[in-house]
Structures are given as C-alpha cells and as structure tokens.
Amino acid sequence: TSLTYEEAIMTLHDTYDPNNIFAKILKGEMPSIKVYEDDVALAFMDVFPQSEGHTLVIPKLVQARNLLDMPSDYLGQYMLKVQKVTRAVEKALTPDGLMVSQFNGAPAGQTVYHLHFHIIPRWEDKPLGRHAEGGMAKPEELEPIAEKIRAAL
Ligand code: 5GP
C-alpha cells in the first residue's frame with residue numbers, strides 16, 4: 001500500500017465515502033459478477049480471487065466502512081446472508097474448507113471501505129493466493145463459477 005502511516009491508521013475511523021468501489025457496484029455504476037442480491041445484501045465475485053470461488057458479501061441500506069460502524073440493528077440480517085452465500089459456495093464448489101474473513105482498517109488489510117465479508121473456498125492441495133495481490137480474473141473465468149453458486153442458492 002502507498003498510504004503513509006498516519007493515513008493508514010486513519011482508515012479505521014473516517015467518514016464513509018459514497019463513491020467507494022463497492023458503493024458504485026451497489027448503484028450499478030461499476031460492473032460486477034453478481035451471485036445473490038436482495039434488499040439486505042449483495043454478493044459478487046472478487047475480481048482478484050485468492051482461490052476459485054472467492055466471493056464478497058456486502059450490506060445494502062447502510063453506510064458502514066467496517067464492522068465497528070455497522071449499525072447493530074442491521075448486523076444480524078446481514079450475517080444471515082453471509083451464511084446463506086457461504087453455504088451456496090460450499091454446495092456449488094465442494095471445497096475442503098472455507099475461510100470467511102473481514103478486515104478493519106488498512107493496517108489489518110482492508111483496501112475497500114464498505115463493509116464486506118470474504119468467502120474463500122480452500123482445497124487441501126491448493127495454496128492460498130495473496131490478499132489483494134493476485135491477478136485480475138477475466139469475466140469469462142468468473143461467470144461459470146458464479147453460475148454454479150447461483151444454482152446452489
Ligand atoms: P479488502 O482488502 O478491503 O478486505 O477487500 C477488498 C476486496 O475487493 C479485495 O479482495 C479485492 O480483490 C476486491 N476488489 C477490489 N476492487 C474490486 C472491484 O472493482 N470489483 C470486485 N468484484 N472486487 C474488487
């Protein structure tokens with residue numbers, strides 16, 4: 001990351017930027033490969049996947065940068081969607097394990113400041129790609145995986 005130390009520590013407590021990438025995806029101003037959407041959450045494929053099937057789940061209706069500023073009243077219904085999509089990823093891709101992770105602030109690994117949970121399928125024999133450092137996946141690679149997840153929902 002190119003942030004200075006002062007900028008990096010600020011990322012934990014700052015105001016919500018309504019033009020962050022995920023806000024643009026929610027508004028339809030940026031394309032994404034969606035797997036699930038309702039009035040609570042949107043799930044879509046991560047374009048820099050750390051493994052096959054790497055999916056992100058973001059809350060709608062809130063301007064939450066991270067778990068700390070997520071309104072508590074919205075958290076339960078959002079987490080149910082994280083679980084719903086995790087179950088679908090497992091059913092669709094039958095990994096040996098699944099990492100479900102979430103970062104708060106740049107020093108913890110956060111790069112996009114709209115709350116999101118990562119769902120990262122893991123296989124015994126496949127190493128994990130590095131966070132936010134892998135290559136960009138092509139839509140034609142992600143679409144068939146997304147279709148399997150949609151079918152499992
Ligand atoms: P964080 O580092 O904030 O926990 O996770 C942000 C995630 O968003 C990263 O895994 C990164 O690959 C992914 N990402 C960044 N930009 C985009 C984008 O424009 N579209 C999609 N689908 N994912 C993105």
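Given the structure is predicted, the values throughout are model-derived calculations rather than measurements. For ligands, and for the atoms within them, numbers begin at 1 and follow the listed sequence. Keep in mind that the numbers below use all heavy atoms, side chains included, and drop hydrogens, waters and symmetry copies.
With Y16 as the fixed residue, the side-chain hydrogen bond (donor to acceptor under 3.5 Å, both in side chains) test singles out one of R65, H114, Q63: H114.
Both the backbone and the side chain of T111 come within contact range of ligand 1, each with a heavy atom under 4.0 Å. With a 4.0 Å heavy-atom cut-off, ligand 1 is reached by no atom of Y113. At a heavy-atom cutoff of 4.0 Å, ligand 1 is contacted by the side chain of F22 but not by its backbone.
Protein heavy atom at the shortest distance from atom 1 (P) of ligand 1 is H116 NE2, 3.1 Å. When only non-hydrogen protein atoms are considered, atom 7 (C) of ligand 1 lies nearest to D46 OD2, 3.5 Å. Nearest protein neighbour of atom 22 (N) of ligand 1, counting heavy atoms only, is M45 O, 2.9 Å. Given atom 20 (N) of ligand 1, the protein heavy atom at minimum distance is V47 CG2, 3.4 Å.
Distance check, rounded to the nearest 0.5 Å: CD1 of I33 to CD1 of I149 gives 10.5 Å. The structure places CG of L93 at 13.0 Å from NE2 of H54, a figure rounded to the nearest 0.5 Å. Note: Q50 CD to I120 CD1 = 4.0 Å, rounded to the nearest 0.5 Å.
In summary, D39 and K60 do not engage in a salt bridge, as defined by a charged side-chain N under 4.0 Å from a carboxylate O.
Less than 6.0 angstrom separates the ring centroid of H118 from the ring centroid of F103. Taking the centre of each ring, Y113 and F22 stay at or above the 6.0 Å mark.
The shell of residues lying under 4.0 angstrom from ligand 1, judged by heavy atoms, excludes Q102. Taking 4.0 Å as the cut-off, L56 counts as a neighbour of ligand 1 on heavy-atom distance. For the ligand labelled ligand 1, residue G109 lies inside the 4.0 Å heavy-atom shell. Ligand 1 lies out of reach of Q50, whose nearest heavy atom is not under 4.0 Å from it.
Closest heavy-atom approach to atom 4 (O) of ligand 1 within the set M136, H118, Q110: this belongs to H118.
Close approach to M30 involves these atoms of ligand 1, each under 4.0 Å from a residue heavy atom: 19 (O). Atom numbering of ligand 1 starts at 1 in the shown order; those under 4.0 Å from a heavy atom of I21 are 16 (N), 18 (C), 19 (O). Shown in contact with F44 at under 4.0 Å from a heavy atom are these atoms of ligand 1, numbered in order with element: 21 (C), 22 (N). Near V112, the atoms of ligand 1 lying under 4.0 angstrom from a non-hydrogen atom of the residue are 3 (O), 6 (C).
E143 places no side-chain N or O within donor-acceptor distance of the main-chain N or O of E140, the cut-off being under 3.5 Å.
Side-chain contact between R150 and Y36 is absent, with no heavy-atom pair separated by less than 4.5 Å.
A continuous path of hydrophobic side-chain contacts links V100 to V35 [ILVMFWY only; heavy atoms under 4.5 Å].
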